[in-house]
Novice: 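One structure, pasted below without further comment.
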Amino acid sequence: MSFELIEARAASNGLFDPEILANNLYKHDIPRRRINEIVKILEKEPILQDRYMYRELSREDQFRYSFRVTTKILELSKKHSWTLQELNGTMTNIFGDKFPTSLHNSAFKYVIKVIGSDEQGKEWLPKCDTHEVIGCYAQTELGHGSNVRALQTKAFYDPKLKHVVLCSSEPLTARKWWIGGLGVTADHAAVQASLYFPPKDDPQSTDRSKYKYLGPHMFIVPIRNPTTREPLPGVTVGDIGPKAANGFSIIDNGFLALDNVRIPASNLLSRFTSIDTTDPKGARYVLTGNPKVMYASMTNLRAGYPFSLGLPLCKAVTIASRYLTIRRQFYDNNDKTKEVQVVKYSSVYSRLVPFVALAHSIGFIYDGVQTSYLKMMDQLVGQGSDALLPEVHVITSSIKGVISMKCTRSIEQCQILMGGHGFSYHSGLSTLYGNALPAQTFEGENYVVAQQTANALAKQYVYILEHGKKAAAKNLFPASQFLIKYIDRMGLDASHGPGATQGISSPKTVEEWLANDEYIIELFEKRTTSLVSDFVMATRSTDPKDRPHLGSAVSFAFGEQFIITQYIRGAANINDPATRDIVLRLARILAYKFLVDDNVALSLLEFSHINAYSIRPLRDALQQEIKQIAPHVIALTDAFGFTDYELNTALGNYNGLPYETLMERAKKSTLNTSFVNEIAALKRAGLTGSKL
Ligand SMILES: Cc1cc2nc3c(=O)[nH]c(=O)nc-3n(C[C@H](O)[C@H](O)[C@H](O)COP(=O)(O)OP(=O)(O)OC[C@H]3O[C@@H](n4cnc5c(N)ncnc54)[C@H](O)[C@@H]3O)c2cc1C
């Protein structure tokens, strides 16, 4: 065990209760104690040990390895009767990578559950569980992802054969692309296609020029023979190749062209729309159920993001804190016996501590999102009311954007903080970073989704202007009620622009900043309100394509406001005073950091919500709090409870002996072999003589 880590742990002993912090993070997921039990099982399996070695394999062999791992984990899950949540948690968070079947579990089964009828669920889901059917979620095309209405895969209903015919071979841009698990693994795809249906007055017509466009629909399409793995007639399918930053390296993202592929009409997922083929006069397109239930259930995926995108950051800060504590560079002027631990340099801990603060916000954000989601589902199922659906939509969309961006950047910065060894694959951060990176793009590109949040908030804002505060207090969804508080000062006609700073009273000292946690929340709310107000103005006068950046500013501001509100109020509710104190400090650090470094203060100045004299004490307050927390980063990150197995690192293990582990792993590098012939050839080809 490293002396530096022993010393650091001793310095924080008894300062707070780590169990409270762990319970906060894992509150809505597998409890920490249970994860430890599962890790003990995984560690005993030879195929699941030394898993860093798989990066030394060719892409093809990495992929074969990933199948063996998936198979082993499924066997263990059966043997130990793991719940579905435990199995999924093992595949993702505990093992810490993505798998060829990840999308089968998270998207294909999910879409059948949500959009499929009960009968379809009964037919397909048991086959999915046994892997008799392995599926993927095929929406994006070569030419379109964000704009679902523009998808070019077409589905024509054929009244003669009572089949649906799928076409995506032409144009080239209609081919499905990016589809996780499609490359080689899936034998079925949930395909998003535009449905075209014979006209009502001529239901037997096969003249497609008369067909009516009914919008995007989801179909289950068999694509490969489940045994031989050969593509079925009319299907062209394959892998799209390696991806950036080694992210998703063991997922086979694939392409798919469907050339007049016929499927039964009953393969249309039909909880909300179906094709009734029973009438001899001709088939009917039928709308059933409340599509809002579908949208509500769909928000479930995004409601899980704070945890799934936040946990990799928690791992990254644990690794970085431990490594930076044992790493030493340069002598202190007063002590020439030992070099200084790099974590003691202000330029190191001032960068590190805010990431630790962000990591500890994850549990609070996740709790806030889950609470809203569960309340909305409760009202929807219990009372049939979808009143809270816009609220959950706004929260999950904006949080997905903010968390995916902030966590990815923070993981990258943690790697940079660790210097040269951070860049080694063995730091453990490259896998975390590579897999985090695309979360900003998939499941709704951040800047595109942000516009939905902005539009929804703008609608609430306009409602207040048009109906007054009393009506708004009754009808605005809870998370947008803050708009009512500030609208007097910022109604569309009011001046809230630059130049109005006179008379604005804001903190003048460090102490005033530190004593005003609720005031900080208020600042974030005011900033969002001002941005919404500007956005509403812009939507009245600007062409939509010139607006989106303002829309994203609104959405990201709302997300940051949500994070800070959950964090400060959540921390204030902790019963244990010592733990409450330290978490409140972390919450303030994050809030001040957003204010200072993420330009929040700049927009508060622009909108005249603070005075310029508040900025210097704000910076000082941030630095003061960071300094207080810096000696405790080890205990604070130990509190997440990660085992060395989950961290999969040479630099950030619990015992803090990185050099030994790096050496051990370097010895196993597959390049440590003989390249005599290749180097001889290189030397022969080398430039000779003096002509250059
Ligand atoms: C690793 C990975 C895995 C994936 N897995 C799947 C999968 O399993 N199944 C699946 O169906 N898809 C999958 N995708 C695809 C993914 O969902 C899409 O790439 C994503 O939705 C973004 O769409 P796009 O590629 O069309 O981006 P585009 O929309 O083309 O974005 C390009 C740029 O244009 C901007 N932009 C677009 N529209 C607007 C607008 N209206 N206003 C302002 N700016 C705009 C965007 O902000 C962005 O900067 C995956 C993608 C990745 C990277």
Novice: When you measure from the side chain of Glu512 to the backbone of Lys508, do you find a donor-acceptor pair of N or O atoms at a distance under 3.5 Å?
Specialist: yes
Novice: Using a 3.5 Å distance criterion without hydrogens, assess whether the side chain of Ser274 forms a donor-acceptor pair with backbone atoms of Leu268.
Specialist: no
Novice: Could you tell me whether the side chain of Gln566 reaches within less than 4.5 Å of the side chain of Asp367, counting heavy atoms only?
Specialist: no
Novice: Atom OG1 in Thr528, atom CZ in Phe524: separation rounded to 0.5 Å?
Specialist: 8.5 Å
Novice: Decide yes or no for Val369 and Phe562: does some side-chain heavy atom of the first lie under 4.5 Å from some side-chain heavy atom of the second?
Specialist: yes
Novice: Side-chain contact, heavy-atom cut-off 4.5 Å: Arg302 with Thr299?
Specialist: no
Novice: Hey, mind stepping through Leu311 and Ile362 against side-chain contact (heavy atoms from CB on, under 4.5 Å) and telling me if it holds?
Specialist: CA-CA 8 Å; Leu311 205 69; Ile362 297 302; over 6 Å; no
Novice: Report yes if the side chains of Val394 and Gln460 come closer than 4.5 Å at any heavy-atom pair, otherwise no.
Specialist: no
Novice: Where do Ile112 and Gly121 come nearest, in terms of heavy atoms and distance?
Specialist: CG2-CA, 4.2 Å
Novice: Only one of Leu358, Leu432, Thr318 forms a side chain to side chain contact (heavy atoms under 4.5 Å, CB included) with Leu313, so which one is it?
Specialist: Leu358
Novice: Would you kindly check if the NZ (Lys) or CZ (Arg) of Lys406 is within the cone defined by 45 degrees around the ring axis of Phe556 and under 6.0 Å from the six-membered ring centre?
Specialist: no
Novice: What is the minimum heavy-atom distance between Ala572 and Arg580, and which atoms define it?
Specialist: O-CD, 3.3 Å
Novice: Can you check whether His217 and Phe197 have ring centres sitting under 6.0 Å from each other?
Specialist: no
Novice: Once you measure the plane-to-plane angle for Phe640 and His360, does it fall in the parallel (<30°), tilted (30-60°) or perpendicular (>60°) bin?
Specialist: parallel
Novice: Under a 3.5 Å cutoff, is there a donor and acceptor pairing between the side chains of Ser480 and Glu391?
Specialist: no
Novice: Between Asp386 (side chain) and Leu389 (backbone), is there a donor-acceptor pair under 3.5 Å?
Specialist: no
Novice: Hey, mind stepping through Leu388 and Ser372 against side-chain contact (heavy atoms from CB on, under 4.5 Å) and telling me if it holds?
Specialist: CA-CA 8 Å; Leu388 288 177; Ser372 296; over 6 Å; no
Novice: Are Phe607 and Lys526 close enough that some pair of their side-chain heavy atoms sits under 4.5 Å apart?
Specialist: no
Novice: Below 4.0 angstrom, N of the basic side chain to O of the carboxylate: do Lys400 and Glu443 qualify?
Specialist: no
Novice: Please report the interatomic distance CG(Leu151) to OG1(Thr140), rounded to the nearest 0.5 Å.
Specialist: 7.5 Å
Novice: Mark yes when over 12 heavy atoms from residues, nucleotides or ligands other than Tyr295 sit less than 6.0 Å from its OH; otherwise mark no.
Specialist: no
Novice: Should the heavy atoms of other residues, nucleotides or ligands under 6.0 Å from CG of Asn147 be counted, would the total exceed 12?
Specialist: yes
Novice: Can you name the closest pair of heavy atoms from Ser350 and Gln623 and give their distance?
Specialist: OG-NE2, 2.9 Å
Novice: Begin with the C-alpha distance, continue with both residues' side-chain angles, and end with the deciding distance and a verdict on side-chain contact (heavy atoms from CB on, under 4.5 Å) for Leu605 and Ile615.
Specialist: CA-CA 9 Å; Leu605 280 172; Ile615 305 294; 4.2 Å; yes
Novice: So how far is it from Gln192 CD to Glu141 CD, rounded to the nearest 0.5 Å?
Specialist: 9.0 Å
Novice: Backbone N or O of Ser270 within a donor-acceptor pair of the Thr273 side chain at under 3.5 Å?
Specialist: no
Novice: Does any donor atom in the side chain of Ser506 or Ser614 lie under 3.5 Å from an acceptor atom in the other side chain?
Specialist: yes
Novice: For Phe364 and Tyr567, take the angle between the two ring planes, folded into 0 to 90°, and tell me which bin it lands in: parallel under 30, tilted 30 to 60, perpendicular over 60.
Specialist: tilted
Novice: Would you indicate whether the side-chain heavy atoms of Leu636 and Leu21 approach each other to under 4.5 Å?
Specialist: yes
Novice: Around atom NZ of Lys469, are there more than 12 heavy atoms of other residues, nucleotides or ligands at under 6.0 Å?
Specialist: yes
Novice: The test is side-chain contact (heavy atoms from CB on, under 4.5 Å); show your working for Tyr433 and Thr408 and say whether it passes.
Specialist: CA-CA 6 Å; Tyr433 177 72; Thr408 308; 3.7 Å; yes
Novice: For residues Ala439 and Asn446, report the shortest heavy-atom separation together with the two atoms involved.
Specialist: O-OD1, 4.2 Å
Novice: Sub-3.5 Å donor-acceptor pair from the side chain of Arg588 to the main-chain atoms of Glu625, do we have one?
Specialist: no
Novice: Looking at every non-hydrogen atom in both residues, tell me the closest pair between Arg149 and Gly215 and how far apart they are.
Specialist: NH1-CA, 4.3 Å
Novice: Is the backbone of Ile520 close enough, under 3.5 Å, to the side chain of Trp513 for a donor and an acceptor to pair up by distance?
Specialist: no
Novice: Could you tell me the separation between the NE2 atom of His609 and the CD atom of Glu525, rounded to the nearest 0.5 Å?
Specialist: 11.5 Å
Novice: To the closest 0.5 Å, what do you measure between CD1 (Ile35) and CD1 (Ile30)?
Specialist: 5.5 Å
Novice: Check Asp581 with Arg585, please: is the shortest side-chain N to carboxylate O separation under 4.0 Å?
Specialist: yes
Novice: With side chains defined as the heavy atoms from C-beta onward, is the minimum distance between Ile629 and Ile582 less than 4.5 Å?
Specialist: yes
Novice: Hey, is the main chain of Ala303 close enough, under 3.5 Å, to the side chain of Gln370 for a donor-acceptor pair?
Specialist: yes
Novice: Taking the six-membered ring for Trp, are Tyr463 and His467 parallel (under 30°), tilted (30 to 60°) or perpendicular (over 60°)?
Specialist: parallel
Novice: Decide, yes or no, whether a salt bridge links Arg569 with Asp517 under the criterion of side-chain N to carboxylate O below 4.0 Å.
Specialist: no
Novice: Quick one: does Asp17's side chain have a donor or acceptor within less than 3.5 Å of a partner on Glu19's backbone?
Specialist: yes
Novice: Quick one: does Leu618's side chain get under 4.5 Å of Tyr592's, heavy atoms only?
Specialist: yes
Novice: Hey, does the side chain of Gln440 reach the backbone of Leu437 with a donor-acceptor pair shorter than 3.5 angstrom?
Specialist: yes
Novice: Distance from Met377 atom CE to Leu380 atom CG, nearest 0.5 Å?
Specialist: 6.0 Å
Novice: Indicate the atoms forming the closest heavy-atom contact of Ile399 with Gly559, along with that distance.
Specialist: CD1-O, 3.8 Å
Novice: Between Ser555 and Ser552 (side chain of the first, backbone of the second, donor and acceptor by atom type, cut-off under 3.5 Å), is there such a pair?
Specialist: no
